[in-house]
Amino acid sequence: MKIAFLGTPEFALPSLNMLYESGHALAVFTQPDRPVGRHAALTPPPTKAYALERGIPVYQFEKIRLPEGVAALRAFAPDLMVTAAFGQILSAENLSIPKYGCINVHGSLLPKYRGAAPIQWAIINGETETGITTMMTDVGMDTGDILLLDKTAILPDETAGELFERLSVLGAETLRRTIIALESGDLPRTPQDEAQATKCPMLKKEHGKLDFSESIRQVHNRVRGTNPWPGAYGMLGEDVLKIHKTRLTDRQPAHEPAGLLIGNAKSGLFVRCADGWLEILELQATGGKRLSARDYLAGKDLEGKILI
RNA sequence: CGCGGGGUAGAGCAGUUGGUAGCUCGUCGGGCUCAUAACCCGGAGGUCGUUGGUUCAAGUCCAUCCCCCGCAA
């Protein structure tokens, strides 16, 4: 089949790779190169880099729903469009171009967690199960008919980054089966149950701010759900203290205030939350690099300080 | 040239107004202990990122280059 692949970050790569190796005629549509890093070097999205290495044509538009993008899509004349973490809203006109419509690979069990950051929010909210849903893209935000759905457990200490990686692989597999079913004319379409639908917002930096009046489990979930981006943090006076990795403990609380830090280079570092002590395993101070709590405490003392 | 912080023993940090380096952890040896990520004693380990300069003398001042990190995007 002739497939227009619309996707941008790493999450889309396994799906793109699967389509490529399945022998489909591809064109990649993705976001423009963006300035990245300290020196704002213009960097191509991962899907573009992948495509260029294999001679797959690449098109980049700020907004594919504008005339230029529509014209480029029409010129390619795909049988099918596939989106995976594309990062742009498609117009009805875009969607009308391929005869089989557009299939989206989404990182949640729809209709739960519609929106931009389903994987992170599932972890932050303490879900124990998530998955991949392939669906027919329509003009709404992840509202189209469900095609196939694969579930997977969220591991107790799994980070968003780790789950991202697993789901991106699972996504490729779900997509593969979806397309096979489509080609054989045996693809079920199930409308989403609006009553069950939930939306999650795009993740912002502030979503990484920890609240130590929450339970150790809630704080832990936020730490892993915002790892590696945007990263969890607390304030130590004026300074930001990033918390990269934590561990639940059964250390007994007494009457300590929330956010109290105790520990040393030998015992490890613990922060008081609502119902107990959360061990901080990896952290990063302003201007510093990412360190294990023990290495950090070998040079600086945090005993008795309050993290807010 | 977007703003800013930093490169000192294996790791993390101190090093005042310039006079050949300290702390914590780790490590090695010994001791104590039912035991330990505990405790005690002792030891090893550093051309102080690069190159050049100022000086009687530079980790400590000046210049240059390399690398790392935070913010902002």
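So you know, we letter chains A, B, ... as the sequences are listed, proteins then strands, and number each from 1.
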Is a side-chain N or O of Gln60(A) found less than 3.5 angstrom from the main chain of Gln31(A), in a donor-acceptor match?
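Yes; at least one donor-acceptor contact below 3.5 Å.
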
Under a 3.5 Å distance rule, please check whether Arg272(A) uses its side chain to pair with a backbone N or O of His255(A) as donor and acceptor.
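Side chain of Arg272(A) to backbone of His255(A), a donor-acceptor pair under 3.5 Å: no, none is there.
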
What integer number of Å spans the [atom1] atoms of [N] and [M]?
| N | M | atom1 | value |
| --- | --- | --- | --- |
| rG46(B) | rG7(B) | C1' | 14 Å |
| rU8(B) | rA14(B) | C1' | 10 Å |
| rA35(B) | rC48(B) | C1' | 42 Å |
| rG15(B) | rU33(B) | C1' | 38 Å |
| rU55(B) | rU17(B) | P | 22 Å |
| rG18(B) | rC3(B) | P | 30 Å |
| rA73(B) | rC66(B) | P | 27 Å |
| rG26(B) | rG10(B) | C1' | 7 Å |

Under a plain distance cut-off of 3.5 Å, with no hydrogens placed, do Ser215(A) and Asp275(A) share a side-chain donor-acceptor pair?
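Asp275(A) vs Ser215(A): no donor-acceptor pair found between side chains.
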
For RNA chain B, whose closest nucleotide is more 5', that of Lys300(A) or that of Ala265(A)?
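Mapping each residue to its closest nucleotide by heavy atoms, the 5'-most match is Lys300(A).
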
Can you tell me which nucleotide in rU24(B), rG70(B), rA37(B) comes closest to the side chain of Gln284(A)?
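When the side chain of Gln284(A) is considered, rG70(B) is the closest of rU24(B), rG70(B), rA37(B).
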
Within the 4.0 Å heavy-atom criterion, would you say Ser267(A) contacts the bases, only the backbone, or no part of the nucleic acid?
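No contact at all - Ser267(A) keeps every heavy atom at 4.0 Å or more from the nucleic acid.
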
Stepwise, does the salt bridge (Lys or Arg N to Asp or Glu O under 4.0 Å) test hold for Glu282(A) with Lys289(A)?
CA-CA 10 Å; Glu282(A) 282 181 24; Lys289(A) 58 177 67 166; over 6 Å; no

Taking 4.0 Å as the cut-off, does a side-chain nitrogen or oxygen of Lys289(A) come that near to OP1 or OP2 on rG7(B)?
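Answer no for this pair, as no side-chain N or O of Lys289(A) is under 4.0 Å from OP1 or OP2.
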
Quick check on rG26(B): is either OP1 or OP2 less than 4.0 Å from any side-chain nitrogen or oxygen of Lys266(A)?
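Indeed, a polar side-chain atom of Lys266(A) lies that close.
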
